[in-house]
Amino acid sequence: MARPATGQTKVMGFRPPKPLRDEFEALAKSEERSPSDALIEAMHDWVKKKRREQGT
């Protein structure tokens, strides 16, 4: 998944629980991916799932 140029997307900030964040970062690293790229993929997957559930 390609990244948009800096400044073209809004930055989101949030505070996940430390155990979840630690596991997430370790898994992303094990796949040689940035946490940002992995989170974007997870968000895409979640949105697709919700659209299917809502029938949209």
Side-chain angles (χ1 to χ4, degrees):
M1 201 172 289
R3 269 194 192 162
T6 301
Q8 291 187 357
T9 58
K10 182 177 177 181
V11 174
M12 291 179 67
F14 67 101
R15 294 184 177 106
K18 185 172 180 357
L20 177 61
R21 186 187 71 228
D22 291 346
E23 184 174 7
F24 180 79
E25 289 176 344
L27 286 168
K29 185 177 182 179
S30 74
E31 293 186 355
E32 298 180 356
R33 300 179 66 189
S34 72
S36 181
D37 287 343
L39 186 53
I40 289 168
E41 179 184 343
M43 290 175 75
H44 278 288
D45 291 347
W46 185 80
V47 167
K48 286 179 194 175
K49 175 186 172 201
K50 292 299 177 182
R51 284 183 178 158
R52 279 193 311 269
E53 290 173 359
Q54 296 172 358
T56 59

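Within a 6.0 Å sphere centred on CD of Glu25, heavy atoms belonging to other residues, nucleotides or ligands number more than 12.
Closest non-hydrogen pair, Ala28 versus Ala38, comes out as CB-CB, 4.2 Å.
For the atom pair NZ of Lys29 and CZ of Phe24, the computed distance is 14.5 Å after rounding to the nearest 0.5 Å. In this structure, Glu41 CD and Glu31 CD are separated by 8.0 Å, a value rounded to the nearest 0.5 Å. Between atom CZ of residue Arg21 and atom NZ of residue Lys18 there is a gap of 5.0 Å, rounded to the nearest 0.5 Å. With rounding to the nearest 0.5 angstrom, the CZ atom of Arg33 is 9.5 Å from the CD1 atom of Ile40.
Taking hydrophobic clusters as Ile, Leu, Val, Met, Phe, Trp and Tyr residues chained together by side-chain heavy-atom distances below 4.5 Å, Leu20 does not share a cluster with Phe14. By the criterion of side-chain heavy atoms lying less than 4.5 angstrom apart, applied directly or through intervening Ile, Leu, Val, Met, Phe, Trp or Tyr residues, Leu39 is not grouped with Val11; the two fall into different hydrophobic clusters.
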